[in-house]
Amino acid sequence: MLLKILTGAAFSVAITAGSAEARPDMARAADMADSLCAVLQPGDLVFKGARTSIWTEIAAGWSDQADRRWGHVGLVSGLRKRSGDSPVSDRKSGGCTAEIVHADTGTGNPAADAGPGEEIGEVRAVGLVEFLGDVDHAGIFRLTLSPDQRARMIAWAGQAADRHTPFDRGYNLASQNNLYCTELIWRAMSAGLGRDAIPEKSTRLGRTYVALSDLSLHPLAQEVMDVDLGE
């Protein structure tokens with residue numbers, strides 16, 4: 001979930017787009033995880049489809065027109081494949097044990113300060129099935145990195161989760177003290193590469209930001225799988 005709503009008009013457009021919040025569906029998420037686990041590797045980017053909510057649709061709208069499928073993204077920080085003779089009951093957690101680091105928005109409007117009873121988001125490490133619980137569409141993208149670069153990227157993201165880095169509701173790239181979803185991935189990639197991974201970022205209305213398409217269309221990113229159970 002990406003960019004702050006800049007004007008009331010932009011919010012009205014989002015409302016007319018008309019997508020209700022998706023309810024968690026763990027059985028569906030486990031089926032998706034089974035599909036993704038067949039090819040998943042540590043360091044892969046897992047994108048969630050834009051149909052989850054108004055906010056993910058807004059995020060997709062701020063991407064390049066060449067790829068507006070995605071509304072959120074996380075990084076595979078750990079992975080353990082299960083053997084073929086695992087109990088059938090294990091399917092409820094997908095075909096592997098995978099950990100996804102992502103910047104979770106928390107509850108309420110992700111582009112505004114948390115109100116009474118709302119949870120401020122943070123960078124978290126969660127299981128793959130939990131990550132996929134509210135979507136029926138996901139994709140895997142693999143980055144062309146050396147093993148050392150990949151390890152540094154994963155380590156940086158893991159440290160952000162260990163620090164419980166707050167979610168950046170201001171969507172500002174000026175500081176690492178709080179992070180939004182694509183900013184987390186960009187900074188982790190940059191740490192891995194030892195340079196700015198996206199020197200030419202997206203710009204609109206005088207704002208510079210990291211769009212989801214800046215990652216999905218990145219020269220080092222290769223699309224590995226697109227699973228859409230909503231079709």
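Between R69 and D228, none of the side-chain N atoms (NZ, or NE/NH1/NH2) sits under 4.0 Å from a carboxylate O, so this pair counts as no salt bridge. Using a 4.0 Å cut-off between a side-chain N of Lys or Arg and a carboxylate O of Asp or Glu, E130 and R124 do not qualify as a salt bridge. Salt bridge present: D136 and R51 bring a charged side-chain N and a carboxylate O closer than 4.0 Å.
Of the inter-residue distances, the one linking C96 atom SG with Q41 atom CD reads 11.5 Å to the nearest 0.5 angstrom. Note that CG of L143 is 10.5 Å distant from CD of Q222, once rounded to the nearest 0.5 Å. From S35, atom OG reaches atom CG of D226 across 11.5 Å, with rounding to the nearest 0.5 Å. The distance from the CG atom of D214 to the NE2 atom of H218 is 8.5 Å, given to the nearest 0.5 Å.
Annotation for G43 and L75: closest pair O-CD1, 3.3 Å, computed over non-hydrogen atoms. In terms of heavy-atom proximity, S216 sits nearest to S213 at OG-CA, 3.4 Å. Taking each heavy atom of R28 and L229 in turn, the nearest pair found is CG-CD1, 3.7 Å. Looking at every heavy atom in both residues, A211 comes nearest to S202 through CB-OG, 3.4 Å. Across every non-hydrogen atom of A157 and V101, the tightest pair is O-CG1, 3.6 Å. Across all their heavy atoms, V39 and M225 have their closest contact at CG2-CE, 3.9 Å.
Side-chain heavy atoms closer than 4.5 Å link hydrophobic residues (I, L, V, M, F, W, Y) into clusters, and following such links, possibly through other members, connects L173 to F167. In the hydrophobic cluster analysis, where Ile, Leu, Val, Met, Phe, Trp and Tyr join through side-chain heavy atoms closer than 4.5 angstrom, V227 is grouped together with L40. Hydrophobic clustering (side-chain heavy atoms under 4.5 Å, transitive across Ile, Leu, Val, Met, Phe, Trp, Tyr) keeps L217 apart from I198. Tracing side-chain contacts under 4.5 Å through hydrophobic residues (I, L, V, M, F, W, Y), one reaches Y209 starting from W186; they form part of the same cluster.
Between M189 and Q149, every side-chain heavy-atom pair lies at or beyond the 4.5 Å cut-off. At least one side-chain heavy atom of L212 sits under 4.5 Å from a side-chain heavy atom of V73. Proximity of C37 to L128: side-chain heavy atoms (C-beta onward) are separated by under 4.5 Å at one or more points. The shortest side-chain heavy-atom distance between Y180 and V123 does not fall under the 4.5 Å cut-off. Between L193 and L220 the shortest side-chain heavy-atom distance falls below 4.5 Å.
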Is there a side chain to side chain contact (heavy atoms under 4.5 Å, CB included) between N177 and T165? Walk through the geometry before answering.
CA-CA 7 Å; N177 294 332; T165 305; over 6 Å; no
Please report the C-alpha distance between E99 and L79 in whole Å, then the side-chain angles of each, then the deciding distance to 0.1 Å, and finally whether the side chain to side chain contact (heavy atoms under 4.5 Å, CB included) criterion is met.
CA-CA 6 Å; E99 183 178 76; L79 178 69; over 6 Å; no
Evaluation steps, side chain to side chain contact (heavy atoms under 4.5 Å, CB included), between E122 and D104:
CA-CA 5 Å; E122 64 180 35; D104 187 345; 5.7 Å; no
Evaluate the criterion side chain to side chain contact (heavy atoms under 4.5 Å, CB included) for residue pair L179 and R187; output intermediate values, then yes/no.
CA-CA 9 Å; L179 302 167; R187 291 193 184 278; 3.7 Å; yes
Show, in sequence, the C-alpha distance, side-chain angles and deciding distance for S146 and D148, and conclude whether the side chain to side chain donor-acceptor pair (under 3.5 Å) test is met.
CA-CA 5 Å; S146 71; D148 286 345; 5.5 Å; no
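Using cut-offs of 30° and 60° for the angle between ring planes, the F131 and H102 rings count as perpendicular. By the 30° and 60° cut-offs, the orientation of the rings of W70 relative to F141 is perpendicular.
For S190 (side chain) and A197 (main-chain N/O), a donor-acceptor pair under 3.5 Å exists by modelled atom type. Between the side chain of R152 and the main chain of G194, no donor-acceptor pair closer than 3.5 Å is present.
Shown are R68, R207, R204; of these, the side-chain contact (heavy atoms from CB on, under 4.5 Å) with W62 is made only by R204. In summary, of the residues considered (D44, V76, I140), a side-chain contact (heavy atoms from CB on, under 4.5 Å) with L36 occurs for I140 alone.
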